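Here the structure comes first, spelled out in structure tokens, and everything after it is commentary.
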Amino acid sequence: MKNYLLCAVAALLLAACNNQPKETVTVSNAEQTIQRVEPLSWWTDMKTPLTLMFYGNDLQDSKVSVEPKGGIIIKGQHNAESRNYLFVDVDVRKAGDYTFTLSKGDKVSTWQYTISTRRADSRDRQSFTSADVIYLIMSDRFVDGDESNNSTDDTAEKADKSDIDGRYGGDIQGIINSLDHIAELGATTIWPTPLLLDNEEDWSYHGYACSDYYHIDPRFGTNELYKEMVRQAHEKGLKFIMDIVSNHAGLAHWWMKDLPYQDWIHQYPQFTNTNNAFSTNYDPNASQYDLKLNESGWFDTHMPDMNLDNPDLLQYFKQFAIWWIEYADLDGLRVDTYPYNERMPMSEWCKAVRNEYPNINIVGECWTRPTSNVAYWQAGAYNADGFNSNLPSVMDFPLEEAIRQALENDGNYWGGGLAKVYDVLSQDYLYADVNKLLLFVGNHDMDHIADVVYKNDMRRVKLAMTMIATIRGIPQLFAGDEYGQRSADLSKGHSGLRRPLPAKADLTAQEKDMFDYQSRLFQFRKNEAVIHTGKTMHFLSRDNTYAYFRYNADGAVFVYLNASDSPKQIPADHYAEILDKYCNTGVDVITGKETDLSKEITVEPLSSIVVKLTAKH
């Protein structure tokens, strides 16, 4: 199947290059039939304009009608370049089951379509915030809850747990079975990597080469089971984020056989990779050539780059995201490879989603540095060119890098160690809203934090997690890091780090200790508004220690980290300007013991202290 698709795409790319008349690939059956309608369904009282995409045999120029009358009003229609598509603009008035009829001469085909009643409070749903902790799951590599769906007849790649690059069988049922574990850790929000169909012949386990935007991959489960997973998560107080990709689809996507328009994807005479030059969006010296290549080059050989400047495609992606939020009752979105997209259409996309759900949070993967480059992509940024992405949250890659670099060696050099964290946080003034930054020290695209820290010392992993739990922003944990998990084989890249979650019965004493440490931190964090939205005051040291206060009028949390190889005494007198506002005696979050900061306190090497303080009255 993949060879056929490659040949089809190659033919399309060659035609585009030679400026020859463009011919769409037509299906063999000459009779008019409807094969697909997307979105799959819709609801009453939605603000988003609805355009139905009909796909089938020779649908171009069809006459469209709908019964019963009055519940759906047909406002207009237009053709694509392919004869097999028809776009129909409709106005939804009333819930019910409807029949669309497309007729063309003596050819008539019908399609049943459902409009449901929208839940009364759906528009005002809340989302993930700095009060939450996100738990990231590499879906196929997490937990295999249902071995019967590891391989299916209608998908190309079969499960092979002996192949480090293959599918392992993690699925939706495995996530459902792990909800209690996630809640026990102290996480409040779940982000699985994409669960939609990825039907590539190999490397399909990662899910980022979508083959169908409206159907869950059967090796993970079904649309109904996905919806049930979200419902059960909500019952346990857990929120749910969907990971989506607008920049590229998969080569195995059904529409690659028959593109609606030749500019539905970006085409080249031969494979052309993106240049990854995100700076071209804001660099006043950038060439249009480089900007275009960043936006339109392909992410990988099997990932066709989508052209969001095509208005029908942009509308398709708006509706796709909104459909899943409404259908599955989602709490937020994460957008993969955000700066590879055309920036103005994506700004419009974000605005459309938030127009439908004003409180929804969307976090974009803007994998770049330094801080100024990341800050550009956050909604409300202070951009010289006036650009507003309408993207509420961005991932804090500069802080991730600083924490890793601070702990990957002994830090005994000028500007090294925890001074790197201080330096990055000193640039918080560049962000429009620091409380909406997603902070992390590991994810599915980088080595585990336990792989990175000096001598793989678990004490350094604890230091990293202490910072993630107490620094401003929205913490994100990567599955396995709660146990200090390391990659299976660093030489295998991404596949080597994406390991199944160990069974609790198989945990070592060290893994149990790591989980207990993190659970105490994140359970404590749940109810601490001062960490969620409080201000930060930090203090620079050149001895590989770092101290900061998260504070508000009611109280403070004091954090002192010692990443050096010698004991350190907390210099409380250095902190008088803020410490004098709070009672000196507080509770040590990890031990639960009373701690008096006015007394001499020694912090052991590679350890930290977190103390909750109350305001003086």
Side-chain angles (χ1 to χ4, degrees), residues 1-30 32-39 51-62 77-88 102 196-201 208-215 244-274 292 295-320 340-342 345 349:
M1 182 178 183
K2 190 168 183 178
N3 289 338
Y4 170 78
L5 289 168
L6 282 167
C7 292
V9 172
L12 289 169
L13 300 183
L14 186 60
C17 175
N18 296 335
N19 293 318
Q20 296 172 353
K22 300 181 178 71
E23 295 182 0
T24 57
V25 180
T26 58
V27 287
S28 58
N29 187 352
Q32 181 196 44
T33 56
I34 304 170
Q35 297 176 7
R36 293 174 179 267
V37 177
E38 294 177 343
T51 298
L52 299 176
M53 184 176 78
F54 286 80
Y55 177 72
N57 298 347
D58 193 28
L59 303 185
Q60 191 177 79
D61 294 323
S62 294
Q77 65 183 72
H78 61 276
N79 295 325
E81 290 176 353
S82 167
R83 300 185 59 82
N84 301 315
Y85 291 85
L86 187 67
F87 293 89
V88 180
L102 272 61
L196 296 175
L197 177 64
D198 182 334
N199 206 22
E200 298 298 318
E201 292 185 352
Y208 286 98
C210 183
S211 302
D212 188 327
Y213 284 96
Y214 281 97
H215 288 94
I244 67 172
V245 190
S246 53
N247 177 68
H248 51 266
L251 200 59
H253 195 288
W254 62 266
W255 60 35
M256 292 304 297
K257 297 179 182 178
D258 183 9
L259 292 171
Y261 301 90
Q262 294 305 300
D263 69 353
W264 195 253
I265 64 172
H266 292 116
Q267 302 193 34
Y268 296 88
Q270 58 188 13
F271 172 71
T272 300
N273 207 165
T274 175
K292 182 179 179 181
E295 293 178 343
S296 60
W298 287 28
F299 190 77
D300 203 348
T301 53
H302 62 290
M303 295 178 177
D305 194 80
M306 308 311 298
N307 177 21
L308 295 177
D309 285 322
N310 181 300
D312 282 331
L313 178 61
L314 180 59
Q315 180 65 15
Y316 182 95
F317 277 126
K318 290 176 184 176
Q319 293 176 167
F320 139 72
Y340 294 90
N341 292 278
E342 295 86 350
W349 178 88

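Fair warning: this is a prediction, and the values are worked out from it, not measured in the lab.
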Under a 3.5 Å distance rule, please check whether [X] uses its side chain to pair with a backbone N or O of [Y] as donor and acceptor.
{"X": "D300", "Y": "H302", "value": "no"}
{"X": "Y85", "Y": "D258", "value": "yes"}
{"X": "Q77", "Y": "S62", "value": "yes"}

### Message
Is any side-chain heavy atom of Y214 closer than 4.5 Å to one of R36?
### Response
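Sidechains of Y214 and R36: no contact.
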### Query
So, do N84 and Q35 sit near enough that their side-chain heavy atoms are less than 4.5 Å apart?
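No. Closest side-chain heavy atoms not under 4.5 Å.
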Reported [atom1]-to-[atom2] distance for the pair [X] and [Y], which is rounded to 0.5 angstrom:
{"X": "L59", "Y": "I34", "atom1": "CG", "atom2": "CD1", "answer": "6.0 Å"}
{"X": "D61", "Y": "L102", "atom1": "CG", "atom2": "CG", "answer": "11.0 Å"}
{"X": "L308", "Y": "E342", "atom1": "CG", "atom2": "CD", "answer": "4.5 Å"}
{"X": "N307", "Y": "N341", "atom1": "CG", "atom2": "CG", "answer": "11.0 Å"}
{"X": "N247", "Y": "D305", "atom1": "CG", "atom2": "CG", "answer": "4.5 Å"}
{"X": "T51", "Y": "E38", "atom1": "OG1", "atom2": "CD", "answer": "13.0 Å"}

### Task
List the steps, then state whether ring-ring contact (aromatic ring centres under 6.0 Å, His included) holds for F317 with Y213.
CA-CA 9 Å; F317 277 126; Y213 284 96; 5.1 Å; yes
For [X] against [Y], the heavy-atom pair lying closest together:
{"X": "P39", "Y": "Q319", "result": "CD-NE2, 3.4 Å"}
{"X": "N273", "Y": "W298", "result": "ND2-O, 2.6 Å"}
{"X": "M256", "Y": "P304", "result": "CE-CG, 3.8 Å"}
{"X": "Q262", "Y": "Q267", "result": "O-NE2, 2.6 Å"}
{"X": "E200", "Y": "S211", "result": "N-OG, 4.5 Å"}

### Query
For Y208 and D198, what are the C-alpha separation, side-chain angles and deciding distance, and is it a side-chain contact (heavy atoms from CB on, under 4.5 Å)?
CA-CA 7 Å; Y208 286 98; D198 182 334; 5.6 Å; no
### Message
For the residue pair N57 / T33, report whether a side-chain donor-acceptor contact shorter than 3.5 Å exists.
### Response
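Yes, because at least one side-chain N or O of T33 sits under 3.5 Å from a partner of the opposite role on N57.
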### Message
Using side-chain contact (heavy atoms from CB on, under 4.5 Å), reason through M303 and V245 one step at a time and then give a plain yes or no.
### Response
CA-CA 11 Å; M303 295 178 177; V245 190; over 6 Å; no
### Residues that W264 engages under ring pair (Phe, Tyr, Trp, His ring centres under 6.0 Å), provided they are two or more places apart
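Partners of W264 under the ring pair (Phe, Tyr, Trp, His ring centres under 6.0 Å) test: W255.
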#### Entry: Which residues share a ring pair (Phe, Tyr, Trp, His ring centres under 6.0 Å) with F299, sequence neighbours left out
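With sequence neighbours excluded, F299 shows a ring pair (Phe, Tyr, Trp, His ring centres under 6.0 Å) to H248, Y340, given in chain and number order.
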### Message
For F320 and L196: C-alpha separation, side-chain torsions, deciding distance, then whether side-chain contact (heavy atoms from CB on, under 4.5 Å) applies.
### Response
CA-CA 12 Å; F320 139 72; L196 296 175; 3.8 Å; yes
### Task
Quick one: do Y268 and S296 satisfy side chain to side chain donor-acceptor pair (under 3.5 Å)? Show the steps, please.
CA-CA 10 Å; Y268 296 88; S296 60; 2.6 Å; yes
